[in-house]
Structures are given as C-alpha cells and as structure tokens.
Amino acid sequence: MSVVVVTGSAGLIGAEAVRFFSHRGFKVVGIDNDMRRYFFGDEGSSKVNLERIEERCPGFVNYDIDIRDIHAIEKIFQEYSNDIVLVIHCAAQPSHDWAVREPLTDFTVNAVATMNLLEAVRHHCPGAVFILTSTNKVYGDNVNRLSFIERETRWELAEGHPYFAKGINEGMSLDQCMHSLFGVSKLAGDILAQEYGRYFGIKTGVFRAGCLTGYGHAGVEGHGFLAYLMKCTVQGRQYRIFGYKGKQVRDNIHSHDLVTAFDYFFRAPRPGEVYNIGGSRFSHCSLLEAVAMAEKIAGKRLDTVLLDTPRRGDHIWWVSDVSKFASHYPSWQLTYGVDDILIEMHEKNAARWGMMAA
Ligand SMILES: NC(=O)c1ccc[n+]([C@@H]2O[C@H](COP(=O)([O-])OP(=O)(O)OC[C@H]3O[C@@H](n4cnc5c(N)ncnc54)[C@H](O)[C@@H]3O)[C@@H](O)[C@H]2O)c1
C-alpha cells in the first residue's frame, strides 16, 4: 500500500493533509510530538487535532517522536521505505517571535531536522515526492522596502505597481535584509530542499506560504492570526495589534486549498521547484478589516489594543502571487475567501471556545 508521511501531522496543515490522503486510500504515517504545546503552552497544543484525525482517519498512525531525532526518523523510513510515495513536511517552530527565545531550538527544528528528513528520503525512498511548507518570511523585510500608500483601513501599493494586481512573486530578493531568526531557519530548510531536488534529483517542491489558516488552527498570539483573532472575539478577550496602525495586509489560504495544491504537485512533480502560495488577491485583508469581519460574524465587539511597535521583521503588506503555480497546474483553484474562512471557524469552534472561556 502506498504510504504518505506527514510531519507535524497534528498541526493545521498536517492534519488537513492526513484527512485528504487517508480519505483517498493512502496509508498515512504521521510524525508529531505536540511540540506546539512546548512553544505556545496548553492553548497552542495540537492534541485536539490529533484526537480528531485518529478517530476519523482509518489506518492512520502517528509517531510521537521529535523530527530532530535522526535515529527515530531513520527507523520510520526504514520500516516503510519504498512504499513511501510522498512526504509532506509541515512540522516546524512556526513563530518569528518565539525563535528569539531559543534560537538553537528554532534552527534545529526548522533547518537541521529538514535535512534529517531529506537524507531519510534520499537513502530509503529516493523516488518519493518531498513537499516543504516554507514561508514568505524567507524574503525578510525586503518586502517592506516597497512603497505603500496609506488608505483608510490598509496599506496598499499604487495601482500601477508591478506587484499590485497579483501580489509578490518568486523574483523578490532573499538577501541582505532582516529575516528574523525564524526566517533564517526556514530559509535554510527551503534552500536545502531545493538543492536536494537540483543536485540529487529528489522530487522536492518548496511552497513559500503567506498566512495559512483554517478551523483546525490552535491559534495563539504568536501564531495563527485569523484563528486567534476569531477566538478572542468569541471569548471577549483583548487582542493586541503590533504596529503599522493595524493596516498591515495579509493573504490567507485555507488549509484545504493548500493541501489541494500539494496534491497537484505530487501527481506531476517538478524537482527543486519553488512556489509562492497563499490566498493571493482572492483571499486577503488588513488586520483592521479582519477585525470588522470577525465582529460581524460573531455579533460581538472585539476589544483591541493598538501598540506602536511592530514585530521585528514583520511584513507591512504581503499578497502572494500564485500565478507561477497556477501556470504549472492550471486546474488548481482557490475556493475559500477570508469571510468563508472566518464563518467556518466560527461555526466549528465557537461552542468549544465559549466553554474554554467559561
Ligand atoms: N500558519 C501559518 O500562517 C504559516 C505561514 C507560512 C508557513 N507556515 C509553515 O507551514 C508549516 C505548517 O504550519 P502550521 O500552521 O500547520 O503549523 P502548526 O504549528 O499548526 O503545526 C506544526 C506541528 O508540528 C509539530 N512539531 C513541531 N516541532 C516538532 C518536532 N520537533 N517534532 C515533531 N513534531 C513537531 C507541532 O506539534 C505541530 O502540531 C510550518 O512549516 C510553518 O512554518 C505556516
């Protein structure tokens, strides 16, 4: 039976990938040790997701191991070896704010463990496709050197700007700017995955994502912006906005639309390829606009506090230009806009969030 390995299987994207491939008849092997709880405390734990997928995905098995443990990784890849047709690598330290607390932990999880996995693929299942969930933070604050115009609720590019219509493409420089330590550790993993594609011919694909989102996100202040914002609205908690007057712009892609893109790549891989991927102009908003949408959906005011200082290395404006991916895989489509995402999050989680707050 063909095996799909998903690291970070209990996280937002990992759990979506487990559902997607297990419902299509693959045996799915997950690797997740709930390190998200170590990063963000009980509120950030991905345990609920793991319980959900263990219950609903027949044949799914999760290994509670650390991806930094090269011997444990070797053992899993040895066990399934050439049955492995796809590896989706989603496990990560995902927050640029957290990275500065323990730079070595951040780097070993995001960069060194990515190398462990690439080596395991090279030695045990060299024909498998390897997908890396990278990030737009690899471009660092080069993005902030663009000139933005202040509008009522958002920063925006001038209409004639080359990135205005479709967003930022893969041509943006990665170099000579501030990335945050997180951006650096992810960039190391990103370039490694490209190199294993180009140098060794492994079928690697690198997906540099804008904001990833969906009802399965255990949102916390440092990570999972829409999920955390909606949870604060439901629970009547204060939401802190870090800088840029709350007018910073993000594109938001639903986990389902991202995993569908992974599936297209899996079925027709292009080794060493890199794609910007996100909600693009189809699904994007400023923080202030997201607050207004969440308030409307929840029927409640969100208590916001606006801080002057932005997060270091944070983007003022990011919209992913997905046209390179769309040109390689023309049947792929985005299906969720920001309001669809917030409505679904509210429908699926409001009762549980309400109980947590009580
Ligand atoms: N969420 C976003 O907005 C976003 C944006 C761009 C890129 N990304 C990237 O996409 C990927 C998936 O993001 P997500 O939102 O699903 O993250 P997530 O935090 O929801 O899921 C990651 C999972 O990996 C697990 N994990 C972390 N370290 C581990 C380790 N050492 N060993 C085993 N398991 C470990 C965690 O317990 C967690 O369940 C990550 O690589 C992240 O950097 C995320």
Side-chain angles (χ1 to χ4, degrees), residues 5-18 30-53 62-70 72-73 76 88-96 98-99 102 104-114 116-117 131-139 180 182-190 193 206-220 222-229 250-256 258-259 261-262 275-279 283 314-315 318 320 341:
V5 175
V6 178
T7 73
S9 41
L12 169 73
I13 303 305
E16 185 78 54
V18 171
I31 300 172
D32 199 307
N33 63 352
D34 200 8
M35 196 156 177
R36 192 173 165 88
R37 184 162 176 270
Y38 174 74
F39 300 139
F40 305 120
D42 287 346
E43 190 177 14
S45 166
S46 45
K47 194 165 159 258
V48 174
N49 267 351
L50 182 62
E51 287 164 1
R52 277 184 188 152
I53 51 178
N62 188 67
Y63 289 85
D64 182 356
I65 64 156
D66 193 316
I67 51 168
R68 291 174 297 176
D69 181 346
I70 192 163
I73 290 290
I76 293 174
I88 303 181
H89 178 29
C90 304
Q93 188 301 103
S95 156
H96 54 143
W98 195 92
E102 291 184 33
L104 203 57
T105 306
D106 176 74
F107 195 82
T108 50
V109 172
N110 290 351
V112 179
T114 298
N116 290 345
L117 289 156
I131 287 176
L132 176 73
T133 43
S134 182
T135 168
N136 59 11
K137 295 293 183 302
V138 298
Y139 298 113
S180 80
F182 163 75
V184 172
S185 62
K186 290 295 284 186
L187 178 56
D190 178 313
V206 173
F207 289 73
R208 292 181 177 155
C211 285
L212 309 180
T213 188
Y215 72 89
H217 225 177
V220 288
H223 188 242
F225 133 70
L226 281 181
Y228 182 64
L229 188 146
R250 300 284 178 267
D251 68 345
N252 299 278
I253 183 169
H254 191 284
S255 46
H256 174 78
L258 181 65
V259 172
F262 291 169
Y275 299 106
N276 283 358
I277 197 87
S283 175
D314 205 15
H315 292 157
W318 179 270
S320 317
I341 293 166

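Just so you know, residue 1 is the first one in the sequence shown, and it goes up from there. For ligands, and for the atoms within them, numbers begin at 1 and follow the listed sequence. Computed from a predicted structure; not experimentally measured.
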[X] N/O under 3.5 Å from ligand 1 N/O:
| X | result |
| --- | --- |
| Arg68 | no |
| Val109 | no |
| His89 | no |
| Leu212 | yes |

Next item on the list: Mark yes or no for whether Asn116, through its side chain, and Ile67, through its backbone, hold a donor-acceptor pair below 3.5 Å.
Entry: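 At least one qualifying donor-acceptor pair exists.
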Enumerate the atoms of ligand 1 whose separation from the nearest heavy atom of [X] is less than 4.0 angstrom.
| X | result |
| --- | --- |
| Ala91 | 24 (O), 26 (N), 34 (N), 35 (C) |
| Asp34 | 37 (O) |
| Cys211 | 3 (O) |
| Thr135 | 6 (C), 7 (C) |
| Ala10 | 39 (O) |
| Pro94 | 19 (O) |

Note to self: Is the ring pair His254/His256 parallel, tilted or perpendicular, if the boundaries are 30 and 60 degrees?
What the structure shows: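 Perpendicular: the ring planes of His254 and His256 meet at over 60°.
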Note to self: Can you tell me how the ring of Tyr275 sits relative to the ring of Phe207, calling it parallel under 30°, perpendicular over 60° and tilted otherwise?
What the structure shows: tilted
Next item on the list: Apply the test side chain to side chain donor-acceptor pair (under 3.5 Å) to residues Asp34 and Ser45: give CA-CA distance (whole Å), side-chain angles for both, the deciding distance (0.1 Å), then the verdict.
Entry: CA-CA 6 Å; Asp34 200 8; Ser45 166; 2.7 Å; yes
What residue and atom, counting heavy atoms only, is the protein's closest point to [atom], and at what distance?
| atom | answer |
| --- | --- |
| atom 25 (C) of ligand 1 | Asp32 OD2, 3.3 Å |
| atom 11 (C) of ligand 1 | Thr133 OG1, 3.1 Å |
| atom 22 (C) of ligand 1 | Cys90 O, 3.8 Å |
| atom 31 (N) of ligand 1 | Asp66 OD1, 2.9 Å |
| atom 21 (O) of ligand 1 | Gly11 CA, 3.2 Å |
| atom 34 (N) of ligand 1 | Asn33 OD1, 3.1 Å |
| atom 28 (N) of ligand 1 | Met35 CB, 3.5 Å |
| atom 27 (C) of ligand 1 | Ala92 O, 3.3 Å |

For ligand 1, indicate whether the residue [X] contacts it via side chain, backbone, both or neither (heavy-atom separation under 4.0 Å).
| X | value |
| --- | --- |
| Lys186 | side chain |
| Ser46 | side chain |
| Ile65 | backbone |
| His223 | side chain |

Checklist line | Side-chain donor-acceptor contact under 3.5 Å, Asn62 with Ser9 | finding: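 The criterion, which ignores hydrogens and geometry beyond distance, is satisfied for Ser9 and Asn62.
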Item checked: Pair Arg250 + Asp314, salt bridge at N-O below 4.0 Å -> yes
Note to self: For a side chain to side chain contact (heavy atoms under 4.5 Å, CB included) check, start with the C-alpha distance between Gln93 and Thr105, then their side-chain angles and the critical distance, and finish with the verdict.
What the structure shows: CA-CA 8 Å; Gln93 188 301 103; Thr105 306; 5.8 Å; no
Check: Quick one: which of Leu12, Ile67, Leu226, Thr105 has a heavy atom closest to atom 32 (N) of ligand 1?
Finding: Ile67
Next item on the list: Select the closest option to atom 15 (O) of ligand 1 among Arg36, His217, Arg250, judged by heavy-atom distance.
Entry: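 It is His217 that holds the nearest heavy atom.
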Check: Side-chain contact, heavy-atom cut-off 4.5 Å: Asn276 with Trp318?
Finding: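 In contact.
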Among the heavy atoms of [X], does any lie under 4.0 Å from an atom of ligand 1?
| X | value |
| --- | --- |
| Gly210 | yes |
| Leu132 | no |
| Arg208 | no |
| Gly224 | no |
| Ser134 | yes |

Next item on the list: Could you walk me through whether Ile73 and Leu117 pass side chain to side chain contact (heavy atoms under 4.5 Å, CB included), step by step?
Entry: CA-CA 7 Å; Ile73 290 290; Leu117 289 156; 4.1 Å; yes
Item checked: Minimum-distance pair of heavy atoms, taken over all atoms of Arg208 and Asp190 -> NE-OD2, 2.7 Å
Next item on the list: Could you tell me which non-hydrogen atom of Ser185 sits nearest to which non-hydrogen atom of Asp106, and how far apart they are?
Entry: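 For Ser185 and Asp106, the tightest heavy-atom pair comes out as OG-OD2, 2.7 Å.
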Note to self: What's the separation between atom CG in Asn49 and atom NE2 in His217, rounded to the nearest 0.5 Å?
What the structure shows: 9.0 Å
Margin query: Would you compute the distance between atom SG of Cys211 and atom CD1 of Ile253 and round it to the nearest 0.5 angstrom?
Written below: 11.0 Å
Item checked: Whether over 12 other heavy atoms sit under 6.0 Å from Arg52 CZ ->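 More than 12 within 6.0 Å, yes.
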Next item on the list: Identify, with sequence neighbours excluded, every residue that meets side chain to side chain donor-acceptor pair (under 3.5 Å) alongside His96.
Entry: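 By the side chain to side chain donor-acceptor pair (under 3.5 Å) rule, His96 matches no residue at all.
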Notebook entry, point to check: Stepwise, does the side chain to side chain contact (heavy atoms under 4.5 Å, CB included) test hold for Glu102 with Tyr38?
Noted result: CA-CA 12 Å; Glu102 291 184 33; Tyr38 174 74; 2.6 Å; yes
Margin query: Under the criterion side chain to side chain contact (heavy atoms under 4.5 Å, CB included), I'd like the reasoning laid out for Val220 against Phe39: C-alpha separation, chi angles, the key distance, then a yes or no.
Written below: CA-CA 10 Å; Val220 288; Phe39 300 139; over 6 Å; no
